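Read the structure below first, then the notes.
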Amino acid sequence: MEQTFFIAILTISLAGFAFSCYRRLSLVSVGRGEYRFDRPLDRLKEMLIYAVGQKRVVSRPFGLNHGIIFWAFLVLSLANLEFLVSGIFPAVSFTLLPAPLHDALLFLFDICSLATLMAVAIAALRRTVNPPFNGARSFEAYCILAVIATLMLAYFGLNGVRIAQGMLPATSATPLSNLVAAFIKTILPTAKLETAGSVFWWAHAVVLLGFMNFLPYSKHMHILTATPNVFLRNMDKCNTQERETFLEGNSFGVATVERLSWKDLLDSFSCTECGRCQQSCPAASTGKLLNPREMIHAIKENLLENGAVMKKLSGDIEAEGHTSLIGSGNRGKMKEAALWSCTSCGACMEVCPVFIEHLPKIVKMRRHLVQMDARFPDELLNLFENMEQRSNPWGMAPSERSKWSSQLDLRLFEVGSTEYLLFVGCSGAFDARNKQVSVALTRVLDAAGVSYGVLGKEEKCCGDSVRRLGNEYLFDKMAKETVQQFLSKGVTKVITQCPHCFTTLKNDYRQYGLELEVTHHSELINDLIKAGKLQPAASAKFGRVVFHDSCYLGRHNEVYEAPRDVLRAATGREVLEMGRTRENAFCCGAGGGRMWLEEHEGTPINCNRVQEALAQQPETVCVSCPFCMTMFEDGIKEVPGSTTQVRDIAEVVALSLQPAFLPLSTS
């Protein structure tokens, strides 16, 4: 009778689970097409490393605890499978296996069950005492922990009763179950053991089947989706944006979930809500509206609310106002101000254990606001006009672009006679402080005998900021002009001091058919030092030097060691590191077009980073990006009495080569 009843509820549970999974996951199909099946062997390898191996999870504090629960879940899946099968066919169990293999499995199940119990207790304690984010103490979170703990206790209880009844031998293969069996014998008479066994068995069955059916409706849906989401990850760095086709009648950007790709929607079902993205996000951690975790959650809520209708109507949704992702900030809607808070630093994607791609989604929504609704912060109106009319953010006359080098003996780039194009960038050409970096860099290149030339007043802005701000139409126009210019002049090798120019010329322009060898000045200077073409004096006059990683040089393009090697050679001492460094570095606050926007909420990002730098008590903060230079100089001005200098690595090298280079005139 019990067996028949179990088969009935198991059948209903499996059918309900399959229906729930289909109902939810089929909503992903409302998203746009995207190919994510290339390089299958590489994808499999990455999945084994990051999903099964939990590489990103265990690399962070407390991650090992989650890793233990996950790995134990994999092992105990065998025990649960046996439990369900033997419920239907009692004669079928692991006891049919050879004794050594059976004992090994029992031992594994005992150890993993205990490890899971301990990990669950630690997780509950941590969530109570020191939650990873506000709202982490949710009923659902505690409920799931309680369910997992109940499954483990029921397992030990059932095994303990079986050992007490003599149905299982009390061997060294079940050390913990033996203890439970001994305890049960002390509190229960033999006549009650069968009833106790039945209670533990049904408790395990009901909780297991109930948990299975709860999964699709909880954040623990990631148990099902995280592993395939890692397999389907972007195999390259998310350091460029998708191109758009500008044809009459096309819509641009994303305001509703069906405009996202199916992978974007799968991301929303894969979020573990661990909170690592918001902890790393410079906007969220300085009190801005943007919270990458909540953004992914909003996409899921919006999909759940509107996906079924969109699926039925095949995306033909007229009432966009009701289905929009961008709006009040209520359930399923992002506030506009949150979207403009993103610095595009990529920290959220770097720490996500399941490789959710936050940044491309934000840029897609910015594109909708800019290109479809013409809704963007007022400060950007002048920026867009200046970029369109004069190809620089300040609206300076193009003839002013080469004035920084008026007293230098620079040559224009000529194909066949110059090896490198020195792409100065807008900051290096127009910003008073960064013009000094441009001069220093030319001094260094001259000292090493590098063959280079410039475009002078013909140089145009690369368009980094307008693309990250969502003005893809303008970027498309600017990119096409520069690509055509480079092709006509025969440019193949570029040096630049700006990581934003570096990544745009190197990564974005590939979409326009331009393959360049782009070198950041830190890489070239490092190569020149190693080749003996530059011999810095290892000057100690810079004092204690702390280095700040530019997001677009480091995290987006993985250039970490070159600037540090340069500083070691130029100062003769080890570089000081901030607490958040390399791939975990904190943004200066200027990326993603934030250089041209005021911060109206929370505390300034640059001040947060400056305080972190000054905690190392440096005489010099060294940067390798003109945006970082501006943000650090502005931030240090806010610190009363601070005498810390901010220098680019090119300035440090130039000053350590020849004292005669002082001062670095830019007039």
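For this chain, numbers begin at 1 and follow the sequence in order. If you're wondering where the values come from, they're calculated on a predicted model, not measured in any experiment.
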With rounding to the nearest 0.5 angstrom, report the [atom1] to [atom2] distance, [X] to [Y].
X      : Y      : atom1 : atom2 : value
Ile69  : Leu76  : CD1   : CG    : 11.5 Å
Leu303 : Asp264 : CG    : CG    : 11.0 Å
Ile144 : His220 : CD1   : NE2   : 5.0 Å
Leu359 : Lys364 : CG    : NZ    : 10.5 Å
Leu422 : Ile495 : CG    : CD1   : 6.0 Å
Met631 : Ser550 : CE    : OG    : 12.5 Å

Sidechain-backbone polar pair: [X] side chain, [Y] backbone, donor-acceptor under 3.5 Å:
X      : Y      : answer
Gln241 : Val363 : no
Thr482 : Ala479 : no
Asp373 : Arg375 : no
Asn291 : Arg293 : yes
Tyr50  : Thr227 : no
Trp340 : Arg366 : no
Asn65  : Ala119 : yes
Gln371 : Glu472 : yes
Gln279 : Pro132 : yes
Arg56  : Cys352 : yes

Going by atom types only, do [X] and [Y] share a side-chain donor-acceptor pair under 3.5 Å?
X      : Y      : result
Lys506 : Thr504 : no
Ser465 : Trp596 : yes
Ser77  : Asn80  : no
His500 : Asp464 : yes
Asn507 : Lys237 : no
Asn386 : Asn392 : no
Glu140 : Ser138 : no
Ser344 : Arg467 : no
Gln511 : Arg243 : no
Asn239 : Thr503 : no

Identify whether the distance between the nearest side-chain nitrogen and carboxylate oxygen of Glu244 and Arg259 falls below 4.0 Å.
no
Salt bridge (Lys or Arg N to Asp or Glu O under 4.0 Å) evaluation trace for Asp42 with Arg233:
CA-CA 11 Å; Asp42 290 338; Arg233 59 170 286 202; over 6 Å; no
Within a radius of less than 6.0 Å around [atom1] of [X], do more than 12 heavy atoms belonging to other residues, nucleotides or ligands occur?
X      : atom1 : value
Arg23  : CZ    : no
Tyr217 : OH    : yes
Lys493 : NZ    : yes
Lys219 : NZ    : yes
Asn250 : CG    : yes

Worked verdict on Glu388 versus Lys477 for salt bridge (Lys or Arg N to Asp or Glu O under 4.0 Å):
CA-CA 9 Å; Glu388 185 168 14; Lys477 174 176 175 287; 5.3 Å; no
Please report the C-alpha distance between Lys288 and Glu599 in whole Å, then the side-chain angles of each, then the deciding distance to 0.1 Å, and finally whether the side chain to side chain contact (heavy atoms under 4.5 Å, CB included) criterion is met.
CA-CA 9 Å; Lys288 315 294 190 293; Glu599 289 188 50; 2.9 Å; yes
Just grab all the salt bridge (charged side-chain N to carboxylate O under 4.0 Å, His left out) pairs involving residues 60-76, residues at least two apart or on different chains.
none
Can you tell if the side chain of [X] reaches within under 4.5 Å of the side chain of [Y], non-hydrogen atoms only?
X      : Y      : result
Ser280 : Glu350 : no
Glu601 : Ser341 : yes
Tyr512 : Lys480 : yes
Thr519 : Val494 : no
Gln485 : Leu455 : yes

Decide whether a cation-pi geometry holds between Arg43 and Phe37; the criteria are a distance under 6.0 Å from NZ or CZ to the six-membered ring centre and an angle within 45° of the ring axis.
no
Looking at Phe252, does the NZ or CZ of Arg367 lie under 6.0 angstrom from its six-membered ring centre and within 45 degrees of the ring axis?
no
Using salt bridge (Lys or Arg N to Asp or Glu O under 4.0 Å), reason through Glu34 and Arg32 one step at a time and then give a plain yes or no.
CA-CA 7 Å; Glu34 185 175 7; Arg32 300 170 66 190; over 6 Å; no
So Arg582 and Glu561, side chain to side chain contact (heavy atoms under 4.5 Å, CB included) or not? Walk me through it.
CA-CA 9 Å; Arg582 292 185 168 81; Glu561 296 308 320; 3.0 Å; yes
Can you check salt bridge (Lys or Arg N to Asp or Glu O under 4.0 Å) on Arg609 and Asp549, steps first, answer last?
CA-CA 11 Å; Arg609 187 58 165 166; Asp549 287 283; 5.2 Å; no
Could you report the tightest heavy-atom contact between Phe586 and Ser285, atom names first, then the distance?
CE1-OG, 3.4 Å
Which pair of heavy atoms, one from Leu325 and one from Ala298, lies closest together, and at what distance?
CD2-O, 4.2 Å
Name all residues meeting the ring-ring contact (aromatic ring centres under 6.0 Å, His included) criterion together with Phe17; count only those two or more places apart in sequence or in a different chain, and write none if there are none.
none
Plane angle bin for Phe70 and His66 - parallel if under 30°, tilted between 30 and 60°, otherwise perpendicular:
parallel
Between Leu369 and Phe376, is a side chain to side chain contact (heavy atoms under 4.5 Å, CB included) present by the stated rule, with each step listed?
CA-CA 7 Å; Leu369 291 172; Phe376 44 80; 5.9 Å; no
Applying side chain to side chain contact (heavy atoms under 4.5 Å, CB included), run through Arg555 and Met349 and close with a yes or a no.
CA-CA 10 Å; Arg555 193 152 41 230; Met349 298 186 294; over 6 Å; no
Given the side-chain rings of Phe246 and Tyr473, with only the six-membered ring counted for Trp, is the space between their centroids under 6.0 Å?
yes
Residue that, paired with Asn229, satisfies side chain to side chain donor-acceptor pair (under 3.5 Å) out of Glu357, Arg36, His222, Lys263
Lys263
